[in-house]
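Quick notes on the structure that follows.
Throughout, protein chains are lettered first and strands after them, A, B, ... in sequence-line order, and every chain is numbered starting at 1.
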Number of protein chains: 2
Amino acid sequence: MLSKETLTKLFPDWEDGLYDAILNEAELKEAKAGTTLLKMGQNIKSAMLVVEGTIKLYQEDETGGEYFMYHLNPGEACAVTLVCNYHHEQSQVLAKAVTDIQYLAIPIEFMEKWLNEFKSWHYFVIKTYRSRYEELLKTIHEIAFKNMDERLEFYILKYVKQFGAIVNLTHQDIANDLNTSREVISRLLKKMEHNGWIIMNRNSFDWIKK
Amino acid sequence: MLSKETLTKLFPDWEDGLYDAILNEAELKEAKAGTTLLKMGQNIKSAMLVVEGTIKLYQEDETGGEYFMYHLNPGEACAVTLVCNYHHEQSQVLAKAVTDIQYLAIPIEFMEKWLNEFKSWHYFVIKTYRSRYEELLKTIHEIAFKNMDERLEFYILKYVKQFGAIVNLTHQDIANDLNTSREVISRLLKKMEHNGWIIMNRNSFDWIKK
DNA sequence: ATTGTAGTGTGATATATGTCACCCAATTAA
DNA sequence: TTAATTGGGTGACATATATCACACTACAAT
């Protein structure tokens, strides 16, 4: 059950009335690791705030390709679902649960209302957009200027920062996230192993580069 | 000279006090076409609102590469300069005037203050971030999933939407914006000419594909 | 123990793009 | 008019990445 204590820990800067509004209007939902929470083109009916676990955000191609952009952690929100002004907005991102997660779903009719009512909500929305904008800039920097070996390193470092130095991903997983093929990832990881950057195991590897 | 009429036309949704605040605190500046307004890594000292002309926003590489992301037109603002909370923020984008421009420079110390004081400023900041976030998503979609021929078409269409069907750019200009080389652009344009999509002239070409 | 499957390694080859060299044509400067 | 500069065309080649084919191994299921 959702408690005010949980909320104050996750969102320490909010004003009191906002906690109550959340307790009244938000639904606490759960999802298993691997679940797709939002597809591109899908109508957005509620805002999504992460309570527990990690979500990955992707750009999705019509032909099935995916490109990983950033993680969402507890206390963070999916920017695209913090819609103001319009209903029937379509998602331009793909969101997947990487771990089992809990999240708050807030019907979008409250978004406009809360922007008026709660200053701290207003700040939260701006902070969210700002930080996600910065993540997108980093992503563009990677894709526009770096070769696959550097992008792979950048990708692994993001993983390591989130989950620690033991990378529990198959080559295929990584290839999907970087919109390339398994063979390419296999060969590049082999190079990293030769360079002494990683120790490879089946289904995982350890990042040991200092 | 900056008048209240100009402001109400550019920013029709603002509340009255905000116009006055702008008239008091903002400086109306000018810049010639081609001027660099903001470099990556540069300290941000003021927010930038476009009054007249067009600005191009780029992601910039340490080694001199550039990637064009989107245009800013009158009534729009550079999202990264609408800083809240911190001074000494560094720009993560490169901004260049494409035409002669006029813009408002607002010292960043007012950003925090105005967020508290003016609801319409608060909305303006959110709207700005939201729309720029969407532009970045489109950019990522292009680079992550499309080959250079499609990215070139996307690029030309953005130009045509801004300035009309006569594209006054050299192949080198385009190559710089897409972080590739002139030869690549020359060859792809030649293909487009064969396909009947463009008519080429020296220093320009016409987009005639319907 | 046998079989199946998922994860991985690797050569061969295809394709897209980057790079180099050099040429020519149009415009500008002298 | 001539020379210099800028924009553009194009072949040859280099490189990064994508694709295909197939082999191998660890682990799981039976």
*asked:* Distance check needed: dA16(D) P versus I143(A) CD1, whole Å only.
replied: 19 Å
*Indicate for each nucleotide in nucleotides 16-26 of chain C, in 5' to 3' sequence, whether protein heavy atoms under 4.0 Å reach the base (B), only the sugar-phosphate (S), or nothing (-).*
SSSBBB----B
*In this structure, are over 12 heavy atoms from other groups packed under 6.0 Å from E153(B) atom CD?*
yes
*Within 6.0 Å of NZ in K146(A), more than 12 heavy atoms from elsewhere*: yes
_How many whole angstroms separate atom CD of E150(B) from atom C1' of dT15(C)?_
15 Å
*In terms of heavy-atom contacts, does NZ of K4(A) have more than 12 from other residues, nucleotides or ligands at under 6.0 Å?*
yes
*F11(B) vs W14(B) aromatic rings, parallel, tilted or perpendicular, using cut-offs 30° and 60°?*
parallel
_Tell me if the CD1 atom of I166(A) is crowded by more than 12 foreign heavy atoms within 6.0 Å._
no
*Report yes if at least one side-chain N or O of S186(B) is closer than 4.0 Å to OP1 or OP2 of dG9(D); otherwise report no.*
yes
*DNA chain C contacts among residues 165-174 of chain A, heavy-atom distance under 4.0 Å*: T170(A), H171(A)
*Nearest whole angstrom, please: distance from the P of dG9(D) to the CE of M192(B).*
14 Å
*Could you check how far CE of M200(A) sits from C1' of dT10(C), rounded to whole Å?*
13 Å
*Does a sphere of radius 6.0 Å around NZ in K191(B) hold more than 12 heavy atoms from other residues, nucleotides or ligands, not counting ones at 6.0 Å or beyond?*
no
*With side chains defined as the heavy atoms from C-beta onward, is the minimum distance between I156(B) and F205(B) less than 4.5 Å?*
yes
_Which nucleotide wins on minimum distance to the side chain of K190(A), given the candidates dT8(C), dG9(D), dT10(C)?_
dT10(C)
*Interatomic distance, E193(B) CD vs dG7(D) C1' [rounded to whole Å]*: 15 Å
_If you count heavy atoms of other groups shown closer than 6.0 angstrom to CD of E52(B), is the number above 12?_
no
